[in-house]
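Structure first, commentary second.
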Amino acid sequence: MKTFELTGELRNEFGKKAAKAMRKQDLIPCNLYGLGNNITFTVHAADVRKLIYTPDTMVVALTIGAEKHMAVVKEMQFHPISDNCLHIDFLEVNETKPVTVEIPVQLDGHAAGVKAGGKLSLEMRKLKVNGIYTQIPDRIVIDITNLGLGKKIAVNDVKVEGLKMMNVKDACVAQVKATRASAAAEAAE
């Protein structure tokens, strides 16, 4: 997993009125949970832009005051109209306690079913995994070269060492769907 450096300032004021005033100053209220710590702090909106608008899952090296913490983003809240980030919850991680995060899926190769006239469909862009944060990869790469026409890859078929898949086991990750052209070619044979 990639590491993202972020600096925050401890927060003294709480409530709706204080949060609204912080957002006017281009600050985002944040919380850090886990490992016995519950810390409230703020970060500048410009500092988290690359963390928010990326498909990658990152470990955040938080510096709050003089303390340093390793964390992952647990939840983000956005304004329904302006799409500005309103709040971020971080979960503190370490090398002994497993954490559950979503990892992007990347398909690799050319499916045999596509060569036969089918259409490749990626059904799940991210998979939820549980494991130690140092063992979690940037992406889950799935080889689809042997994926035939009408076949699928389920969550149960995806294996990553040191990680436990948290999605439903028979949920479809990727499949090659039959098209009219492939059905016509098959009928002609």
message = Counting C-beta onward and ignoring hydrogens, is there a side-chain heavy-atom pair between Asn38 and Leu32 closer than 4.5 Å?
response = no

ask   = Got a sec, which residues hit side-chain contact (heavy atoms from CB on, under 4.5 Å) with Ser82, two or more places apart in sequence or on another chain?
value = His79, Asn84

note = Applied to residues 88-102, the salt bridge (charged side-chain N to carboxylate O under 4.0 Å, His left out) test, sequence neighbours excluded, yields none

key: Residues in ring pair (Phe, Tyr, Trp, His ring centres under 6.0 Å) contact with Tyr133, at least two apart in sequence or another chain   = none

Within 6.0 angstrom of Gln135 CD, more than 12 heavy atoms from elsewhere = yes

task = Would you check if Leu163 and Pro137 make a side-chain contact, meaning some heavy-atom pair closer than 4.5 Å?
result = yes

inquiry  = Within the 4.5 Å heavy-atom criterion, are Val48 and Leu6 side-chain neighbours or not?
reply    = yes

request  = Quick one: closest heavy-atom pair of Cys30 and Val43, and the distance?
outcome  = SG-CG2, 3.6 Å

query = For Asp157, what residues pass the side-chain contact (heavy atoms from CB on, under 4.5 Å) criterion, not counting sequence neighbours?
reply = Ile153, Ala154

inquiry  = Membership question, hydrophobic clusters at under 4.5 Å side-chain separation (ILVMFWY): are Leu127 and Leu122 in the same one?
reply    = yes

message = Using 0.5 Å steps for rounding, measure from the NZ atom of Lys159 to the CD1 atom of Ile142.
response = 11.5 Å

key: Note, Ile39 side chain near Glu67 side chain (heavy atom, < 4.5 Å)   = yes

message = Please determine whether the number of non-hydrogen atoms from other residues, nucleotides or ligands lying under 6.0 Å from atom NZ of Lys17 exceeds 12.
response = no

ask   = Heavy-atom distance under 4.5 Å between the side chains of Asp108 and Ile144, does that happen here?
value = no

query = How many angstroms lie between CD1 in Ile88 and CZ in Phe78, if you round to the nearest 0.5 Å?
reply = 7.5 Å

query = Are Met165 and Val160 close enough that some pair of their side-chain heavy atoms sits under 4.5 Å apart?
reply = yes

inquiry  = Please list all pairs meeting salt bridge (charged side-chain N to carboxylate O under 4.0 Å, His left out) that have one or both residues in residues 132-147, counting only residues at least two apart or in different chains.
reply    = Asp56-Arg139

inquiry  = Counting neighbours of NZ on Lys68 that are heavy atoms of other residues, nucleotides or ligands and sit closer than 6.0 Å, is the number greater than 12?
reply    = no

ask   = Does the side chain of Leu107 reach to within under 4.5 Å of the side chain of Leu120, using non-hydrogen atoms?
value = yes

Any residue meeting side-chain hydrogen bond (donor to acceptor under 3.5 Å, both in side chains) with Asp47, in chain and number order, not counting sequence neighbours = none

request  = Taking side-chain contact (heavy atoms from CB on, under 4.5 Å) as the test, write out the residues that go with Ala21, two or more places apart.
outcome  = none

remark   = Hits for side-chain hydrogen bond (donor to acceptor under 3.5 Å, both in side chains) against Thr100, two or more places apart or cross-chain, chain-then-number order -> Asn130

ask   = About how many Å separate CG of Leu27 and CZ of Arg11, when rounded to the nearest 0.5 Å?
value = 10.5 Å

key: All pairs passing ring-ring contact (aromatic ring centres under 6.0 Å, His included) where residues 90-110 contributes a residue, at least two apart   = Phe41-Phe90

ask   = What's the spacing between Lys74 NZ and Tyr33 OH if we round to 0.5 Å?
value = 12.0 Å

key: Derivation and outcome, side chain to side chain contact (heavy atoms under 4.5 Å, CB included), residues Leu51 and Met58   = CA-CA 8 Å; Leu51 175 67; Met58 297 188 198; 4.2 Å; yes

ask   = Quick one: salt bridge (charged side-chain N to carboxylate O under 4.0 Å, His left out) pairs with a partner in residues 119-132, sequence neighbours left out?
value = Glu123-Lys177

ask   = What are the two closest heavy atoms between Ala71 and Leu62, and how far apart are they?
value = CB-CD1, 4.1 Å

task = For Met124 and Ala171, work out which heavy atoms get closest and say how close.
result = SD-CB, 4.2 Å

key: Pairwise side-chain contact, Val158 with Ile140, heavy-atom cut-off 4.5 Å (strictly under)   = yes

request  = Walk me through it: do Lys151 and Val176 pass the test side chain to side chain contact (heavy atoms under 4.5 Å, CB included)?
outcome  = CA-CA 6 Å; Lys151 302 294 181 189; Val176 176; 5.9 Å; no

message = Applying side-chain contact (heavy atoms from CB on, under 4.5 Å), can you list everything that pairs with Ala112, at least two apart in sequence or on another chain?
response = none

message = Applying the side-chain contact (heavy atoms from CB on, under 4.5 Å) criterion to Val72, which one of Val101, Val60, Ile136 satisfies it?
response = Val101

Minimum heavy-atom distance Gly118-Leu149, with the two atoms named = CA-CD1, 3.4 Å

message = Do Phe4 and Val99 sit in one hydrophobic cluster, given that two such residues count as connected whenever their side-chain heavy atoms are within less than 4.5 Å of each other, even indirectly?
response = no

query = Roughly how far, to the nearest 0.5 Å, is the SG atom of Cys85 from the CE atom of Met76?
reply = 6.5 Å

request  = Rounded to the nearest 0.5 Å, what's the gap from NZ on Lys115 to CG on Leu147? Could you check?
outcome  = 12.0 Å

Shared hydrophobic cluster for Met166 and Val129 (ILVMFWY, side-chain gaps under 4.5 Å) = no

task = May I ask you to list the residues sharing a hydrophobic cluster with Phe14, side-chain cutoff 4.5 Å, ordered by chain and number?
result = none

